[in-house]
Structure formats: C-alpha cells, structure tokens
Amino acid sequence: MTQGSEDRYDVVVIGSGPGGYVCAIRAAQLGLKTACVEKDATLGGTCLNVGCIPSKALLESSERYEMVRHELDAHGVKVGGVELDLPTMLARKDRIVDELTGGVEMLFKKNKIHWARGTGRIQDAGTVVVSGASGEEVLRTDAIVIATGSSPAPLRGVAFDGERVVTSTEALSFAEVPKHLIVVGAGVIGLELGSVWRRLGAEVTVVEYLDRILPGVDGEIAKEAQRLFTKQGIRFVLGAAVQAADVAGDQVTVRYADREGGTHTIEGDRVLVAIGRRPHTEGLGCEAAGVALDERGRVVVDDHFETSVPGVYAIGDVIRGPMLAHKAEDEGIALAELLAGEHGHLNYDAIPSIVYTHPEVASVGRTEEELKAEGIAYNKGRYKYGPNGRAKALGEAEGLVKFLADAETDRILGCHILGARAGDLIAEVAVAVEFGASAEDIARSVHAHPTLSEVVREAALDVGRRALHK
Ligand code: FAD
C-alpha cells in the first residue's frame with residue numbers, strides 16, 4: 001500500500017461501531033495508515049452508545065433491584081426499605097458508556113488513527129469526502145471500508161415521536177418507569193428492554209407478528225423462554241399485526257389485527273417499536289459510486305468483504321449475516337488482515353448469539369428446525385439445570401442445555417442454552433465448534449465442580465445417552 005501526503009491513507013473506514021473501530025485498530029497495528037470517519041460526537045457506534053453496553057448496564061441494575069426485592073428472602077437475607085433511584089441508575093449507565101467511548105478515542109490516539117469528524121460520502125473508489133462542522137475534508141485512500149451499521153426499522157402506520165412511540169435508543173433513557181410499556185416485536189431488543197422496565201415496575205405487553213417469540217432461536221428453547229418470561233409477568237400477544245399507534249396526551253392506543261382479521265386495541269403510556277434494524281447507507285453515495293445493494297438494502301460483498309466496486313469493502317450490520325457486535329468486530333479484524341496481505345478469516349458457523357434476559361438464551365450453530373429443513377440427521381442431548389448443585393446454590397434451577405450433533409460423526413452442529421449465565425457457558429461450545437469438536441470431546445473434558453458448566457457436559461454426555469445425573 002502507498003504512503004503519501006498527509007491526507008492520503010491506506011485505509012479509510014466509514015463508521016466507528018465495533019466493526020469500524022476494530023477494523024481501524026487492527027489495520028493500524030499492521031502498519032497501515034488509517035483514518036476512521038464518524039459523524040456522531042462519540043466513537044463506538046450503536047453498540048457502545050445506544051446498544052449492547054447501555055442495555056446491559058440497565059439489565060444488570062434492574063436485575064439487582066429485582067433480586068433484592070424478591071429473591072433475597074429465600075437466602076435468609078432480610079432487606080427493608082428498598083427504593084428505586086432511577087436517575088442514579090441511568091447516570092451509572094451513561095458513565096459506563098462515556099468510559100468506553102472515551103476508551104476507543106484513546107485507542108485511536110495510541111494507534112495513530114485519524115478520526116475524521118463528520119459524515120462520509122464515497123466520491124469514487126479512492127476518495128471519501130467528509131462533511132463536518134469545520135467544513136469538508138477529502139481523504140484519498142487505497143481501500144474504503146463501509147462500516148456504517150444499522151438503524152431501527154420503522155413500522156408502517158406507526159410514527160416515532162421520540163416520546164411516547166420510541167425506538168430502543170429512547171427506551172434506554174425513559175426518565176420515569178412507564179406504567180404500561182407496549183413492546184412491538186418479541187426479538188432480542190424488545191425482550192431485553194421489556195425485561196428492564198418490567199423489573200423496574202412497568203406492566204409490559206409484548207405484541208409479536210409471528211406465533212412465537214425470539215425468531216431464529218431454537219423453537220423448543222424459545223417456547224420454554226416464553227413460559228418463564230410469562231411467569232415473570234410479561235404478557236405476550238402473538239400472531240398480531242400492529243397497524244397503528246395513536247397518541248393522545250400521555251396515552252397511546254396500539255391497534256392490531258389477529259390472524260382471523262379481527263381488530264383489537266391495547267392502551268399503554270409508552271410504545272417501544274423493536275421489529276428489527278435496517279442497514280444504514282443513506283447519504284453514503286453507494287449508488288453514484290456503483291456499490292451494489294441487495295433487495296434488503298444491504299451492501300453486497302464477496303467472501304473477502306469486497307463490494308461490487310474494487311477497493312471498496314463492507315463489514316458489520318450493513319452486510320449480510322447476524323446483526324451482532326462480535327460478528328462486526330471479527331469481520332473488521334479479518335478484513336484488516338486481508339488488506340495487509342494476511343489471511344483473515346471468519347467462521348460464520350461458530351458465531352455465538354445471546355439474549356441477555358433472565359434467564360439468558362444463548363446459542364451457536366444450527367437449530368433443530370434448520371437441521372430438519374436441511375435433512376441433516378442428528379442426535380440430540382438435553383440436560384436441565386434442575387439437578388445441578390451449583391444451579392441449586394444459585395437459586396437458578398430453571399433452564400436447559402441442548403446439543404445437536406451429527407448422527408454419523410458426532411460433530412457438534414448446534415448448542416442451545418436457556419438458563420443463568422448461558423451467555424458465558426456458550427463460549428466453551430463456540431470454541432469447540434471452531435475446532436470442529438464432537439459432543440464426545442466436550443463429554444470427555446473435565447468440567448469443574450460445582451459449576452453450571454457441568455450442565456453443558458451432562459447435555460453432551462446425553463448425546464450418547466450416558467448423562468450421569470439424569
Ligand atoms: P454500528 O455500531 O451501527 O456503527 C455504525 C457507525 O457508523 C455509527 O457510529 C454511525 O454514526 C456511523 N455512520 C453511519 N453512516 C456514517 C457516515 N456516512 N459517515 C460517518 N459515520 C457514519 N449486539 C451484540 O452482539 N450484543 C448485544 O448485547 C447487543 N445489544 C444490542 C442492544 C440494542 C438496544 C441494540 C440497538 C443493538 C444491540 N446489538 C447487540 C447490536 C449491535 O449494536 C450491532 O450489531 C453493532 O453495533 C453493529 O456494529 P457496526 O460496526 O456494524 O455498526
């Protein structure tokens with residue numbers, strides 16, 4: 001790659017989310033002169049500012065609040081006078097976000113990455129024009145990386161007003177606990193934020209178009225999760241097509257049609273629309289530059305993340321694949337390595353996916369429904385949290401681990417966990433999948449006692465019908 005005048009780069013990354021900022025750091029580590037364009041006031045993108053991090057901060061705080069109010073009694077711990085201090089809870093979340101976004105800025109300085117502040121537009125394969133508060137900056141480069149992420153998908157007939165009818169961004173900062181929060185969409189974001197506000201005292205109704213929650217998650221696991229969330233007090237209305245959300249004062253009426261065409265209404269004081277996210281390419285100049293988009297508006301890339309225009313690449317939420325921060329990060333690393341002449345690679349079969357509700361839902365690989373649809377013969381092992389000693393000590397006896405292994409080779413095809421700390425437990429299985437391991441490999445590995453990881457091992461043993469404590 002060429003080194004030239006001050007404004008000439010080897011790589012210009014547009015967008016500083018987990019895809020973009022990690023790609024920029026890895027490129028700089030590999031000696032490439034790198035700039036990253038970001039239009040927002042802070043680095044870190046959706047994930048750090050209004051996604052993964054603030055939602056997890058609130059999930060953690062609200063879980064502690066719920067635990068102190070409802071679960072400590074059983075441990076023989078009496079606590080009185082418990083009160084919610086929502087401003088402090090929100091300020092803590094904001095502080096965590098500030099620390100992390102500031103941390104990325106420091107990493108940029110350390111790695112000598114130029115932060116071009118403003119909105120980036122691709123002028124041609126070698127030029128990005130950045131429009132910012134202080135005017136225009138022209139960046140000439142050998143490689144352009146589109147890492148512009150995604151934004152909340154709107155729902156036809158429902159207008160966001162930022163106050164009563166909102167996206168996940170506003171739902172991370174409600175100044176008071178809603179009385180009745182109506183969540184449209186029973187996906188990851190809807191269930192996580194619905195859980196936060198239910199724990200803090202809101203009545204929560206989740207309205208979902210499909211006949212199930214958590215699309216994409218293994219059906220058996222999703223069904224059991226719905227049972228547990230219902231037990232916690234979340235109300236589900238499934239098979240419901242939301243048609244309108246009408247605001248009158250501080251009330252919102254959500255209208256939906258059921259499968260038979262009957263129309264119904266629900267009254268609430270806040271509506272969170274969380275029906276998915278769409279790739280963000282507005283104003284990027286894709287069309288003029290000849291960068292092809294698919295029918296869903298995603299940037300089309302080949303196996304090496306190159307778009308239809310040579311020298312222009314794309315990663316993260318803006319391309320195909322699951323919209324997950326770690327997927328974006330690993331694509332960023334792989335691409336930077338490819339640009340530096342190394343062998344970057346990402347195994348899409350080994351990407352874990354986690355829902356941070358309580359209990360958590362975690363998975364890697366294929367679901368049972370997918371294996372059936374593909375006609376792949378498999379063996380199944382299941383083990384519940386209930387008999388596990390550590391689960392009992394934690395008071396976390398609800399949950400299960402399910403392994404799906406190739407019927408002939410025993411290679412792990414999928415693993416699905418519903419239960420406490422599922423998000424941590426799945427890491428072992430993701431590594432196993434990456435190494436092409438079998439269920440037997442997990443079953444023969446020593447797992448510390450007493451830990452929840454023994455549930456994973458028992459489920460792996462159960463693939464061969466030899467779980468010990470079943
Ligand atoms: P983004 O993070 O969206 O970043 C794109 C950046 O590009 C933004 O900063 C944007 O301002 C900038 N940009 C866009 N256009 C331009 C332009 N023309 N010029 C300059 N800058 C531009 N994922 C997980 O893995 N785990 C979770 O727990 C999780 N929780 C989530 C919770 C919520 C509430 C939400 C909304 C999302 C969550 N996600 C989670 C998804 C995760 O945030 C995304 O998958 C991830 O942020 C995608 O990274 P990205 O780099 O592709 O894009």
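Just follow the structure's listing: the first ligand is 1, and inside any ligand the first atom is 1. Note that the structure is predicted; figures quoted are calculated from it, not measured. Just so you know, these numbers use all the heavy atoms, side chains as well, and skip hydrogens, waters and symmetry mates.
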Only heavy atoms of [X], strictly under 4.0 Å: list the atoms of ligand 1 that pass.
X      : result
Met323 : 41 (C), 45 (O)
Ala147 : 5 (C), 6 (C), 7 (O)
Gly316 : 52 (O)
Gly118 : 19 (N), 20 (C)
Ser55  : 32 (C)
Tyr356 : 28 (O)
Cys47  : 2 (O), 43 (O), 47 (O)

On a heavy-atom basis, I'd like to know which of [options] is closest to [atom].
atom                    : options                      : value
atom 49 (O) of ligand 1 : Ser168, Pro18, Gly17, Ser151 : Pro18
atom 39 (N) of ligand 1 : Gly51, Cys52, Gly20          : Cys52
atom 36 (C) of ligand 1 : Lys39, Lys56, Arg277         : Arg277

Taking distance alone, with N or O pairs closer than 3.5 Å, would you say [X] contacts ligand 1?
X      : value
Asp317 : yes
Val318 : no
Asp40  : yes
Ala328 : no
Val50  : no
Ile14  : no

Do [X] and [Y] have side chains that approach each other closer than 4.5 Å (heavy atoms only, starting at C-beta)?
X      : Y      : value
Asp142 : Arg8   : yes
Thr34  : Cys36  : no
Asp218 : Glu369 : yes
Ile442 : Glu428 : yes

What protein heavy atom sits nearest [atom], and how far off is it?
atom                    : result
atom 53 (O) of ligand 1 : Gly149 CA, 3.1 Å
atom 15 (N) of ligand 1 : Thr148 CG2, 3.3 Å
atom 18 (N) of ligand 1 : Gly120 O, 3.1 Å
atom 24 (C) of ligand 1 : Ala325 N, 3.5 Å
atom 10 (C) of ligand 1 : Glu38 OE2, 3.5 Å
atom 3 (O) of ligand 1  : Thr46 OG1, 2.6 Å
atom 7 (O) of ligand 1  : Gly15 CA, 3.2 Å
atom 51 (O) of ligand 1 : Gly19 N, 2.9 Å

With a 3.5 Å cut-off and no angle check, do the side chains of [X] and [Y] form a donor-acceptor pair?
X      : Y      : result
Tyr348 : Glu331 : yes
Ser150 : Arg278 : no
Lys93  : Ser173 : yes
His358 : Glu396 : yes

### Query
Does Asn388 reach the main-chain N or O of Arg390 with its side chain, forming a donor-acceptor pair under 3.5 Å?
yes
For Leu139 and Tyr9, the nearest pair of non-hydrogen atoms, with its separation, is CD2-CE1, 3.7 Å
For Thr119 and Val37 the tightest heavy-atom approach is C-CG1, 4.3 Å
(Q) Below 4.0 Å from ligand 1: does a non-hydrogen atom of Gly283 turn up there or not? (A) no
